[in-house]
There are 2 protein chains.
Amino acid sequence: MSLIFSRQCEYALQAVIYLALNKNGSHVPIKDLTRKLKIPYHFLGKIMQDLTRKGLLVSEKGPRGGFALAMPACDITLFHIVDAIDGADFTRTCVMGFPECSGKKPCSVHGQWASLRDGIYAMLVSKNIEELSRTMQKPGYPGVLP
Amino acid sequence: MSLIFSRQCEYALQAVIYLALNKNGSHVPIKDLTRKLKIPYHFLGKIMQDLTRKGLLVSEKGPRGGFALAMPACDITLFHIVDAIDGADFTRTCVMGFPECSGKKPCSVHGQWASLRDGIYAMLVSKNIEELSRTMQKPGYPGVLP
DNA sequence: TTATATTCAGACTATTTAGTCTGAATATAA
DNA sequence: TTATATTCAGACTAAATAGTCTGAATATAA
(Lines give C-alpha, C1' and ligand atoms only; values in the text may rest on other atoms or scores of the structure.)
Protein backbone atom coordinates (compact mmCIF):
# COMPACT_ATOMS: atom_id res chain seq x y z
CA MET A 1 0.00 0.00 0.00
CA SER A 2 1.20 3.52 -0.74
CA LEU A 3 0.25 6.21 1.67
CA ILE A 4 1.29 9.60 2.75
CA PHE A 5 0.50 9.75 6.43
CA SER A 6 0.14 6.97 8.97
CA ARG A 7 -3.30 6.14 10.23
CA GLN A 8 -2.41 7.70 13.58
CA CYS A 9 -1.57 10.88 11.80
CA GLU A 10 -4.82 10.93 9.85
CA TYR A 11 -6.73 10.46 13.11
CA ALA A 12 -4.73 13.24 14.73
CA LEU A 13 -5.51 15.66 11.90
CA GLN A 14 -9.21 14.84 12.08
CA ALA A 15 -9.32 15.16 15.85
CA VAL A 16 -7.51 18.49 16.02
CA ILE A 17 -9.74 19.95 13.33
CA TYR A 18 -12.73 18.77 15.32
CA LEU A 19 -11.40 20.39 18.47
CA ALA A 20 -11.07 23.68 16.63
CA LEU A 21 -14.82 23.64 15.95
CA ASN A 22 -15.32 23.95 19.70
CA LYS A 23 -15.25 27.72 19.78
CA ASN A 24 -16.01 28.32 23.45
CA GLY A 25 -12.69 26.87 24.55
CA SER A 26 -14.25 24.19 26.74
CA HIS A 27 -12.69 20.76 26.91
CA VAL A 28 -13.87 17.97 24.64
CA PRO A 29 -13.73 14.39 25.97
CA ILE A 30 -12.49 11.54 23.79
CA LYS A 31 -15.92 9.99 23.90
CA ASP A 32 -17.33 12.89 21.87
CA LEU A 33 -14.50 12.69 19.37
CA THR A 34 -14.81 8.97 18.73
CA ARG A 35 -18.55 9.26 18.34
CA LYS A 36 -18.24 11.86 15.60
CA LEU A 37 -15.09 10.63 13.92
CA LYS A 38 -15.47 6.85 14.18
CA ILE A 39 -11.99 6.39 15.57
CA PRO A 40 -11.29 3.55 18.07
CA TYR A 41 -11.65 4.97 21.58
CA HIS A 42 -8.46 3.86 23.28
CA PHE A 43 -6.35 4.34 20.20
CA LEU A 44 -7.48 7.94 19.93
CA GLY A 45 -6.80 8.33 23.64
CA LYS A 46 -3.13 7.52 23.10
CA ILE A 47 -2.87 9.86 20.15
CA MET A 48 -4.41 12.72 22.11
CA GLN A 49 -2.06 12.10 25.04
CA ASP A 50 0.80 12.19 22.59
CA LEU A 51 -0.30 15.50 21.12
CA THR A 52 -0.64 16.82 24.66
CA ARG A 53 2.91 15.78 25.54
CA LYS A 54 4.07 17.46 22.34
CA GLY A 55 2.44 20.70 23.49
CA LEU A 56 -0.25 21.03 20.83
CA LEU A 57 -3.13 20.20 23.18
CA VAL A 58 -3.96 20.68 26.84
CA SER A 59 -5.92 18.18 28.89
CA GLU A 60 -8.10 18.18 31.96
CA LYS A 61 -9.16 15.16 33.96
CA GLY A 62 -12.49 14.39 35.58
CA PRO A 63 -16.05 15.44 34.77
CA ARG A 64 -16.12 18.36 32.34
CA GLY A 65 -12.56 17.37 31.43
CA GLY A 66 -11.16 16.47 28.05
CA PHE A 67 -8.87 18.04 25.49
CA ALA A 68 -8.53 21.49 23.99
CA LEU A 69 -6.10 23.26 21.71
CA ALA A 70 -3.07 24.60 23.56
CA MET A 71 -3.01 27.72 21.36
CA PRO A 72 -5.24 29.66 19.01
CA ALA A 73 -6.41 27.49 16.10
CA CYS A 74 -4.95 29.91 13.59
CA ASP A 75 -1.48 29.24 15.03
CA ILE A 76 -1.63 25.48 14.40
CA THR A 77 -0.88 24.27 10.90
CA LEU A 78 -1.31 20.84 9.41
CA PHE A 79 2.44 20.55 9.43
CA HIS A 80 2.59 20.96 13.21
CA ILE A 81 0.43 17.89 13.60
CA VAL A 82 2.13 15.81 10.90
CA ASP A 83 5.52 16.68 12.32
CA ALA A 84 4.43 15.77 15.85
CA ILE A 85 3.08 12.35 14.86
CA ASP A 86 4.91 11.15 11.76
CA GLY A 87 7.91 13.43 11.62
CA ALA A 88 9.12 15.31 8.57
CA ASP A 89 11.39 12.69 7.01
CA PHE A 90 9.40 12.69 3.80
CA THR A 91 10.81 16.16 3.09
CA ARG A 92 14.29 14.69 3.03
CA THR A 93 14.30 11.13 1.72
CA CYS A 94 14.53 9.81 -1.84
CA VAL A 95 11.19 8.71 -3.38
CA MET A 96 12.77 5.63 -4.85
CA GLY A 97 14.71 4.88 -1.68
CA PHE A 98 18.23 5.26 -3.08
CA PRO A 99 20.28 5.74 0.08
CA GLU A 100 22.95 7.91 -1.56
CA CYS A 101 20.48 10.13 -3.40
CA SER A 102 21.14 13.80 -2.66
CA GLY A 103 21.60 17.12 -4.36
CA LYS A 104 25.11 16.12 -5.37
CA LYS A 105 24.22 12.58 -6.43
CA PRO A 106 20.59 12.93 -7.48
CA CYS A 107 18.53 9.98 -8.62
CA SER A 108 16.86 10.43 -11.98
CA VAL A 109 13.64 11.90 -10.59
CA HIS A 110 15.28 13.87 -7.78
CA GLY A 111 14.55 17.35 -9.10
CA GLN A 112 11.02 16.64 -10.19
CA TRP A 113 10.17 14.96 -6.93
CA ALA A 114 11.69 17.84 -5.00
CA SER A 115 9.21 20.28 -6.47
CA LEU A 116 6.25 17.98 -5.85
CA ARG A 117 7.38 17.42 -2.29
CA ASP A 118 7.83 21.15 -1.79
CA GLY A 119 4.28 21.62 -2.97
CA ILE A 120 3.05 19.20 -0.32
CA TYR A 121 5.12 20.91 2.35
CA ALA A 122 3.84 24.32 1.28
CA MET A 123 0.28 23.12 1.61
CA LEU A 124 0.90 21.69 5.07
CA VAL A 125 2.45 24.86 6.45
CA SER A 126 0.00 27.22 4.78
CA LYS A 127 -3.17 25.60 6.08
CA ASN A 128 -4.08 26.46 9.64
CA ILE A 129 -6.64 24.60 11.68
CA GLU A 130 -8.91 27.57 12.22
CA GLU A 131 -9.39 28.06 8.50
CA LEU A 132 -9.83 24.34 7.86
CA SER A 133 -12.39 23.81 10.57
CA ARG A 134 -14.35 26.81 9.31
CA THR A 135 -14.49 25.30 5.82
CA MET A 136 -15.52 21.93 7.21
CA GLN A 137 -18.59 23.42 8.80
CA LYS A 138 -20.14 24.40 5.51
CA PRO A 139 -23.02 22.15 4.50
CA GLY A 140 -21.94 19.16 2.42
CA TYR A 141 -18.58 18.81 4.11
CA PRO A 142 -17.78 15.45 5.63
CA GLY A 143 -16.80 13.95 8.90
CA VAL A 144 -16.89 16.59 11.54
CA LEU A 145 -20.35 18.01 10.99
CA PRO A 146 -22.87 17.68 13.83
CA MET B 1 6.45 7.63 9.74
CA SER B 2 5.15 9.24 6.57
CA LEU B 3 6.10 7.65 3.32
CA ILE B 4 4.95 7.47 -0.20
CA PHE B 5 5.85 3.97 -1.36
CA SER B 6 6.39 0.82 0.64
CA ARG B 7 9.91 -0.48 1.00
CA GLN B 8 9.06 -3.34 -1.35
CA CYS B 9 8.01 -0.82 -3.93
CA GLU B 10 11.20 1.21 -3.56
CA TYR B 11 13.23 -1.97 -4.04
CA ALA B 12 11.16 -2.88 -7.09
CA LEU B 13 11.75 0.51 -8.69
CA GLN B 14 15.48 0.27 -8.08
CA ALA B 15 15.71 -3.27 -9.39
CA VAL B 16 13.75 -2.63 -12.58
CA ILE B 17 15.83 0.44 -13.36
CA TYR B 18 18.92 -1.66 -12.84
CA LEU B 19 17.63 -4.34 -15.21
CA ALA B 20 17.09 -1.71 -17.88
CA LEU B 21 20.81 -0.92 -17.78
CA ASN B 22 21.43 -4.42 -19.08
CA LYS B 23 21.17 -3.52 -22.75
CA ASN B 24 22.02 -6.87 -24.34
CA GLY B 25 18.81 -8.47 -23.13
CA SER B 26 20.54 -11.22 -21.16
CA HIS B 27 19.13 -12.33 -17.84
CA VAL B 28 20.36 -10.83 -14.59
CA PRO B 29 20.42 -13.05 -11.49
CA ILE B 30 19.25 -11.76 -8.14
CA LYS B 31 22.76 -12.14 -6.79
CA ASP B 32 23.97 -9.36 -9.08
CA LEU B 33 21.07 -7.10 -8.13
CA THR B 34 21.51 -7.45 -4.39
CA ARG B 35 25.24 -6.86 -4.69
CA LYS B 36 24.72 -3.55 -6.46
CA LEU B 37 21.60 -2.37 -4.71
CA LYS B 38 22.15 -3.61 -1.15
CA ILE B 39 18.73 -5.21 -0.95
CA PRO B 40 18.22 -8.39 1.14
CA TYR B 41 18.64 -11.38 -1.18
CA HIS B 42 15.54 -13.44 -0.45
CA PHE B 43 13.32 -10.45 -0.04
CA LEU B 44 14.29 -9.18 -3.46
CA GLY B 45 13.68 -12.68 -4.80
CA LYS B 46 10.05 -12.53 -3.76
CA ILE B 47 9.61 -9.07 -5.22
CA MET B 48 11.08 -10.15 -8.55
CA GLN B 49 8.85 -13.21 -8.63
CA ASP B 50 5.90 -10.95 -7.97
CA LEU B 51 6.83 -8.61 -10.83
CA THR B 52 7.21 -11.67 -13.06
CA ARG B 53 3.74 -12.94 -12.16
CA LYS B 54 2.41 -9.45 -12.91
CA GLY B 55 3.94 -9.65 -16.37
CA LEU B 56 6.54 -6.88 -16.07
CA LEU B 57 9.51 -9.25 -16.01
CA VAL B 58 10.44 -12.62 -17.47
CA SER B 59 12.54 -15.17 -15.64
CA GLU B 60 14.79 -18.05 -16.54
CA LYS B 61 16.04 -20.75 -14.18
CA GLY B 62 19.43 -22.37 -13.99
CA PRO B 63 22.93 -21.19 -14.89
CA ARG B 64 22.81 -18.04 -17.05
CA GLY B 65 19.28 -17.58 -15.78
CA GLY B 66 17.83 -14.61 -13.95
CA PHE B 67 15.39 -11.82 -14.70
CA ALA B 68 14.88 -9.48 -17.62
CA LEU B 69 12.30 -6.90 -18.65
CA ALA B 70 9.28 -8.46 -20.32
CA MET B 71 9.01 -5.53 -22.75
CA PRO B 72 11.10 -2.67 -24.07
CA ALA B 73 12.29 -0.39 -21.24
CA CYS B 74 10.65 2.62 -22.87
CA ASP B 75 7.25 0.92 -22.47
CA ILE B 76 7.54 0.53 -18.69
CA THR B 77 6.74 3.56 -16.56
CA LEU B 78 7.28 4.12 -12.87
CA PHE B 79 3.53 3.86 -12.50
CA HIS B 80 3.47 0.32 -13.88
CA ILE B 81 5.78 -0.78 -11.10
CA VAL B 82 4.10 1.20 -8.33
CA ASP B 83 0.72 -0.07 -9.42
CA ALA B 84 1.95 -3.69 -9.51
CA ILE B 85 3.41 -3.56 -6.00
CA ASP B 86 1.54 -0.97 -3.97
CA GLY B 87 -1.56 -0.37 -6.03
CA ALA B 88 -2.94 3.03 -7.00
CA ASP B 89 -5.15 3.76 -4.01
CA PHE B 90 -3.27 6.95 -3.22
CA THR B 91 -4.83 8.46 -6.34
CA ARG B 92 -8.26 8.00 -4.81
CA THR B 93 -8.16 8.33 -1.02
CA CYS B 94 -8.44 11.40 1.20
CA VAL B 95 -5.12 12.74 2.57
CA MET B 96 -6.61 13.26 5.98
CA GLY B 97 -8.42 9.94 5.91
CA PHE B 98 -11.99 11.24 6.01
CA PRO B 99 -13.95 8.23 4.78
CA GLU B 100 -16.74 10.27 3.20
CA CYS B 101 -14.44 12.75 1.48
CA SER B 102 -15.21 12.97 -2.22
CA GLY B 103 -15.88 15.47 -4.97
CA LYS B 104 -19.38 16.03 -3.63
CA LYS B 105 -18.38 16.12 0.02
CA PRO B 106 -14.80 17.41 -0.13
CA CYS B 107 -12.64 17.82 2.95
CA SER B 108 -11.11 21.23 3.34
CA VAL B 109 -7.92 20.42 1.47
CA HIS B 110 -9.54 18.17 -1.11
CA GLY B 111 -9.00 20.39 -4.14
CA GLN B 112 -5.50 21.39 -3.28
CA TRP B 113 -4.47 17.85 -2.53
CA ALA B 114 -6.04 16.70 -5.79
CA SER B 115 -3.71 18.84 -7.83
CA LEU B 116 -0.63 17.77 -5.86
CA ARG B 117 -1.63 14.14 -6.22
CA ASP B 118 -2.22 14.61 -9.95
CA GLY B 119 1.29 16.02 -10.19
CA ILE B 120 2.69 12.88 -8.59
CA TYR B 121 0.63 10.68 -10.86
CA ALA B 122 1.74 12.65 -13.93
CA MET B 123 5.36 12.17 -12.96
CA LEU B 124 4.90 8.43 -12.48
CA VAL B 125 3.26 7.86 -15.85
CA SER B 126 5.56 10.21 -17.76
CA LYS B 127 8.83 8.65 -16.65
CA ASN B 128 9.81 5.48 -18.45
CA ILE B 129 12.49 3.13 -17.29
CA GLU B 130 14.66 3.48 -20.37
CA GLU B 131 14.99 7.21 -19.87
CA LEU B 132 15.57 6.88 -16.13
CA SER B 133 18.24 4.23 -16.42
CA ARG B 134 20.03 6.31 -19.04
CA THR B 135 20.11 9.27 -16.68
CA MET B 136 21.32 7.10 -13.82
CA GLN B 137 24.37 6.06 -15.80
CA LYS B 138 25.79 9.55 -15.91
CA PRO B 139 28.72 10.06 -13.55
CA GLY B 140 27.71 11.21 -10.10
CA TYR B 141 24.41 9.34 -10.10
CA PRO B 142 23.82 6.96 -7.22
CA GLY B 143 23.03 3.37 -6.64
CA VAL B 144 23.06 1.55 -9.92
CA LEU B 145 26.47 2.58 -11.19
CA PRO B 146 29.03 -0.19 -11.82
C1' DT C 1 24.84 -37.84 -16.61
C1' DT C 2 26.20 -35.20 -12.99
C1' DA C 3 27.38 -30.95 -10.65
C1' DT C 4 25.94 -26.37 -10.39
C1' DA C 5 23.38 -22.13 -10.64
C1' DT C 6 19.50 -20.36 -10.57
C1' DT C 7 14.07 -19.45 -9.84
C1' DC C 8 10.28 -20.48 -7.10
C1' DA C 9 7.04 -21.87 -3.34
C1' DG C 10 5.99 -21.81 1.12
C1' DA C 11 6.79 -21.83 5.94
C1' DC C 12 8.89 -19.32 9.21
C1' DT C 13 10.69 -15.11 12.30
C1' DA C 14 11.11 -10.11 13.34
C1' DT C 15 9.59 -5.55 13.42
C1' DT C 16 6.36 -2.00 13.11
C1' DT C 17 1.90 -0.26 13.32
C1' DA C 18 -2.78 -0.58 14.85
C1' DG C 19 -5.82 -1.42 18.31
C1' DT C 20 -7.60 -3.26 23.18
C1' DC C 21 -7.80 -3.70 28.05
C1' DT C 22 -7.17 -2.70 32.92
C1' DG C 23 -6.51 -0.03 36.61
C1' DA C 24 -4.65 4.13 38.85
C1' DA C 25 -4.91 9.24 39.36
C1' DT C 26 -7.67 13.15 39.57
C1' DA C 27 -11.21 16.56 39.14
C1' DT C 28 -16.25 17.68 39.61
C1' DA C 29 -20.70 17.60 41.35
C1' DA C 30 -24.16 15.82 44.20
C1' DT D 1 -17.52 12.50 51.32
C1' DT D 2 -18.86 9.67 47.81
C1' DA D 3 -20.08 8.53 43.12
C1' DT D 4 -18.80 9.58 38.61
C1' DA D 5 -16.38 11.04 34.54
C1' DT D 6 -12.57 11.65 32.72
C1' DT D 7 -7.13 11.43 31.51
C1' DC D 8 -3.21 8.67 31.67
C1' DA D 9 0.26 4.85 31.93
C1' DG D 10 1.47 0.61 30.66
C1' DA D 11 0.85 -4.06 29.44
C1' DC D 12 -1.25 -6.64 26.22
C1' DT D 13 -3.16 -8.60 21.43
C1' DA D 14 -3.78 -8.28 16.31
C1' DA D 15 -2.50 -7.30 11.80
C1' DA D 16 0.56 -5.75 8.35
C1' DT D 17 4.99 -5.36 6.58
C1' DA D 18 9.76 -6.71 6.28
C1' DG D 19 12.98 -10.14 6.08
C1' DT D 20 14.96 -15.24 6.52
C1' DC D 21 15.36 -20.06 5.65
C1' DT D 22 14.84 -24.50 3.41
C1' DG D 23 14.14 -27.37 -0.15
C1' DA D 24 12.16 -28.52 -4.64
C1' DA D 25 12.17 -27.68 -9.70
C1' DT D 26 14.73 -26.74 -13.64
C1' DA D 27 18.07 -25.28 -16.97
C1' DT D 28 23.05 -25.24 -18.34
C1' DA D 29 27.54 -26.80 -18.91
C1' DA D 30 31.13 -29.88 -18.06
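Convention: sequence-line order gives letters A, B, ...; per-chain numbering from 1.
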Rounded to whole angstrom units, what separation is found between the [atom1] atom of [X] and the [atom2] atom of [N]?
X       : N      : atom1 : atom2 : value
A/Ile85 : C/dT16 : CD1   : C1'   : 16 Å
A/Met48 : C/dG19 : CE    : P     : 16 Å
A/Phe43 : C/dT17 : CZ    : C1'   : 7 Å
A/Lys46 : C/dT17 : NZ    : P     : 14 Å
A/Asp50 : C/dA18 : CG    : P     : 12 Å

| Is the distance from OP1 or OP2 of C/dG19 to the nearest side-chain N or O of A/Tyr11 less than 4.0 Å? | yes
| message | Check B/Glu100 with A/Lys38, please: is the shortest side-chain N to carboxylate O separation under 4.0 Å? | response | no
| query | Does the pair B/Lys36/B/Asp32 count as a salt bridge with the N-to-O cut at 4.0 Å? | reply | no
| A/His42 vs B/Gly66, nearer the 5' end of DNA chain C by closest nucleotide | B/Gly66
| said: Go nucleotide by nucleotide along DNA chain C from the 5' end; which of B/Gly62 and A/Leu44 gets its closest nucleotide reached first? | reply: B/Gly62
| query | Just checking, any donor-acceptor pair under 3.5 angstrom between side chains of A/Thr77 and A/Asn128? | reply | no
| query | Any chance the side chains of A/Lys127 and B/Gln112 put a donor and an acceptor closer than 3.5 Å? | reply | yes
| said: Could you go through A/Met96 and A/Ser108, starting from their C-alpha distance and side-chain angles, then the distance that decides it, and tell me whether this counts as side chain to side chain contact (heavy atoms under 4.5 Å, CB included)? | reply: CA-CA 10 Å; A/Met96 299 203 288; A/Ser108 37; 4.2 Å; yes
| request: Using chain B heavy atoms and a threshold of under 4.0 Å, write down where along DNA chain D the contacts begin and end, 5' to 3'. | output: D/dA18 to D/dA29
| task | Could you walk me through whether B/Met48 and B/Leu33 pass side chain to side chain contact (heavy atoms under 4.5 Å, CB included), step by step? | result | CA-CA 10 Å; B/Met48 300 300 276; B/Leu33 290 163; 3.5 Å; yes
| Test item: A/Pro72 and A/Glu130 side chains (from C-beta on) under 4.5 Å apart, heavy atoms | no
| query | How far does the helix from C/dT1-D/dA30 to C/dA30-D/dT1 bend, going by the axes of its first and last five pairs, to the nearest 10°? | reply | 0°
| message | Pair B/Leu13, B/Leu78 - check side chain to side chain contact (heavy atoms under 4.5 Å, CB included), show working. | response | CA-CA 7 Å; B/Leu13 292 166; B/Leu78 291 180; 3.6 Å; yes
| query | Which part of the nucleic acid, if any, lies within reach of A/Lys31 when heavy atoms closer than 4.0 Å are counted: base, sugar-phosphate only, or nothing? | reply | sugar-phosphate
| query | Can any side-chain N or O of B/Asn22 pair as donor or acceptor with the backbone N or O of B/His27 at less than 3.5 Å? | reply | no
